[in-house]
Amino acid sequence: MEGLRTYRMVAAMWIRSTMAYRASFALTLFTSFCVTFFDFVVILLMFGQVRGLGGFSFAEVAFLYGSAGTAFGAADLTMGSLQRMGRRIRDGSLDVFLLRPVPLLAQVAADKFALRRLGRVLQGLVVLVWSLVLLRDEVAWSWGKALMVPGMVVCGAVIFMAVMVLGASALFWLQDASEVTNAFTYGGNTLLQYPPTVFAQDLVKGVVYVVPLAFVNWLPALYVLGRPAPAGVPSWAAFAPPFVALVCCAVAGLAWRTGVRAYRSTGS
């Protein structure tokens with residue numbers, strides 16, 4: 001609770017600073033929305049030439065894109081500032097946060113809170129809602145599937161946040177490895193925007209059993225769309241995202257505490 005209170009106070013300070021220049025914020029938010037939308041334009045152009053992608057229709061691919069984009073956008077909005085961890089460790093500015101009697105993770109995650117990242121969330125949400133409209137006659141909807149949609153977005157965001165914390169923890173030892181973390185966050189978001197059928201089975205198994213990004217949207221989305229799980233993955237895995245999210249948070253928390261204890265100020 002103390003960490004949440006600290007995060008809210010620091011983030012609110014940066015939000016007030018941002019809203020002091022509302023016209024600039026509105027322009028930046030619109031720009032962020034448009035830039036991320038170009039990723040979806042690629043899919044639109046692709047389906048202008050083909051009728052399906054890996055056996056998935058345009059509405060189904062849009063559903064995958066929207067769910068992954070919304071979940072990642074929420075995680076990036078909340079924890080995106082952790083990308084600066086490597087630089088803070090190198091220049092010693094992390095020591096300033098350690099002097100304050102409040103949780104370190106909350107301070108670092110909320111520092112320089114960028115409200116402009118809300119544009120990515122809105123863009124993913126627009127595509128997700130659009131895909132649900134297109135799928136209203138293609139999917140045999142039930143209460144379970146309807147509840148699965150918001151559940152997968154929330155759990156997916158938590159999984160992405162845990163991966164970000166885990167990557168930031170690695171920077172206590174590998175200060176220049178932020179791009180490695182981005183490969184699993186930004187790269188994972190791009191991966192999940194496309195059907196698993198277009199990727200090699202080894203890659204699909206890797207994001208199920210090694211880095212569990214498939215639980216962000218692939219497995220629950222396949223259940224919603226009425227499609228079978230990838231080969232070798234049990235069908236009940238579609239209902240496992242809450243459990244996977246909890247496990248990821250526990251691992252990320254342990255890694256963060258280990259990294260903080262190993263920290264010996266700049267140059268360590």
Compare every heavy atom of A110 with every heavy atom of A11, then report the nearest pair and how far apart it is.
N-CB, 3.9 Å
Cluster partners of V10, using ILVMFWY side-chain heavy atoms under 4.5 angstrom, listed by chain and number?
Y7, M13, W14, I15, M19, F25, L29, F33, L77, F113, L115, L118, V121, L122, V126
Under the 3.5 angstrom rule, does the side chain of R51 hit a backbone N or O of G48 as a donor-acceptor pair?
no
Hydrophobic cluster membership, M46 vs V61, 4.5 Å side-chain cutoff
yes
Hey, are the side chains of C249 and V158 touching, using non-hydrogen atoms and a 4.5 Å cut-off?
yes
For the pair L94 and M85, evaluate side chain to side chain contact (heavy atoms under 4.5 Å, CB included) and give the outcome as yes or no after the intermediate values.
CA-CA 8 Å; L94 185 65; M85 273 295 297; 4.2 Å; yes
Y263 and D95: side chain to side chain donor-acceptor pair (under 3.5 Å), yes or no, with the steps?
CA-CA 10 Å; Y263 180 65; D95 296 3; 2.5 Å; yes
Taking the side chain as every heavy atom from C-beta outward, state whether L225 and L135 have any pair of such atoms under 4.5 Å apart.
yes
Please determine whether residues Y65 and L45 belong to a single hydrophobic cluster, defined as Ile, Leu, Val, Met, Phe, Trp and Tyr linked transitively by side-chain heavy-atom distances below 4.5 Å.
yes
Considering non-hydrogen atoms only, spot the tightest contact between L192 and A68 and give its length.
CB-CB, 3.9 Å
For the backbone of T28 and the side chain of S32, can you confirm whether one donor and one acceptor N or O come within less than 3.5 Å of each other?
no
Got V208 and P212 here, is their nearest side-chain heavy-atom distance under 4.5 Å?
no
same_hphob_cluster(V41, Y186) at 4.5 Å side-chain heavy-atom cutoff:
yes
side-chain contact (heavy atoms from CB on, under 4.5 Å) filter on A114, not counting sequence neighbours, yields R116, R117
Can you list the steps and then say if F40 with Q193 is a side chain to side chain contact (heavy atoms under 4.5 Å, CB included)?
CA-CA 9 Å; F40 187 64; Q193 292 172 357; over 6 Å; no
Under the 3.5 angstrom rule, does the side chain of N217 hit a backbone N or O of L64 as a donor-acceptor pair?
yes
Could you report the tightest heavy-atom contact between L222 and P196, atom names first, then the distance?
CD1-CG, 4.3 Å
For K145, does the NZ atom have more than 12 heavy-atom neighbours from other residues, nucleotides or ligands under 6.0 Å away?
yes
Keeping to residues at least two apart or across chains, list the ring-ring contact (aromatic ring centres under 6.0 Å, His included) pairs with something in residues 132-166.
F72-F160
Taking salt bridge (Lys or Arg N to Asp or Glu O under 4.0 Å) as the definition, give me every residue that meets it alongside D111, ordered by chain and number, with sequence neighbours left out.
R88
Minimum side-chain heavy-atom gap L203-L191 below 4.5 Å
yes
Distance from T181 atom OG1 to L82 atom CG, nearest 0.5 Å?
9.5 Å
Listed by chain and number, what are the side-chain contact (heavy atoms from CB on, under 4.5 Å) partners of Q201, not counting sequence neighbours?
A231
Path from F58 to F38 over hydrophobic side-chain contacts below 4.5 Å
yes
Looking only at non-hydrogen atoms, find the nearest pair between V139 and V224 and report the distance.
CG1-O, 3.1 Å
Quick check for you: to the nearest 0.5 Å, what is the distance between Q83 atom CD and T185 atom OG1?
6.5 Å
S17 side, atom OG; K112 side, atom NZ - distance, nearest 0.5 Å
9.5 Å
Calculate, to the nearest 0.5 Å, the distance between atoms CG and CE belonging to L166 and M161 respectively.
14.0 Å
Non-hydrogen atoms of I159 and C248 that approach each other most closely
CG2-SG, 4.4 Å
Could you pull out all residues at least two apart from R100 that satisfy side-chain hydrogen bond (donor to acceptor under 3.5 Å, both in side chains)?
Q107
Are V260 and R257 close enough that some pair of their side-chain heavy atoms sits under 4.5 Å apart?
no
Do V102 and F97 pass the side chain to side chain contact (heavy atoms under 4.5 Å, CB included) test, and can you show the C-alpha distance, the side-chain angles, and the key distance before you say yes or no?
CA-CA 8 Å; V102 289; F97 295 97; over 6 Å; no
Pair F63, W130 - check ring-ring contact (aromatic ring centres under 6.0 Å, His included), show working.
CA-CA 8 Å; F63 179 64; W130 184 24; over 10 Å; no
Main-chain N/O of G124 paired to T70 side chain as donor or acceptor, under 3.5 Å
yes
Between S169 and V165, does the side chain to side chain contact (heavy atoms under 4.5 Å, CB included) criterion hold? Intermediate values first, please.
CA-CA 6 Å; S169 303; V165 174; 4.2 Å; yes
In the hydrophobic clustering (ILVMFWY, side-chain contacts below 4.5 Å, transitive), which residues join F30, or is it alone?
none
Sort and list the pairs that fulfil ring-ring contact (aromatic ring centres under 6.0 Å, His included) and have at least one residue in residues 226-250, not counting sequence neighbours.
Y223-F239
With side chains defined as the heavy atoms from C-beta onward, is the minimum distance between P230 and V233 less than 4.5 Å?
yes
Locate the shortest heavy-atom distance separating A245 from C155; write the atom from each residue and the value.
CB-O, 4.2 Å
Shared hydrophobic cluster, F47 / V198 (ILVMFWY, side-chain heavy atoms < 4.5 Å)
yes
Just to verify, what does R227 make a salt bridge (Lys or Arg N to Asp or Glu O under 4.0 Å) with, not counting sequence neighbours?
E60
Mind jotting down which residue pairs meet the ring-ring contact (aromatic ring centres under 6.0 Å, His included) criterion with at least one end in residues 189-219? Sequence neighbours excluded, please.
F199-W218
I need the full list of salt bridge (charged side-chain N to carboxylate O under 4.0 Å, His left out) pairs touching residues 184-201, with sequence neighbours left out, sorted by first then second residue.
none
Would you say that T258 contacts W173 through its side chain, given a criterion of any heavy-atom pair below 4.5 Å between the two side chains?
yes
Can you confirm whether L53 sits close enough to T197 that some side-chain heavy atom of one is under 4.5 Å from a side-chain heavy atom of the other?
no
Listed partners of R84 passing salt bridge (Lys or Arg N to Asp or Glu O under 4.0 Å), at least two apart:
none
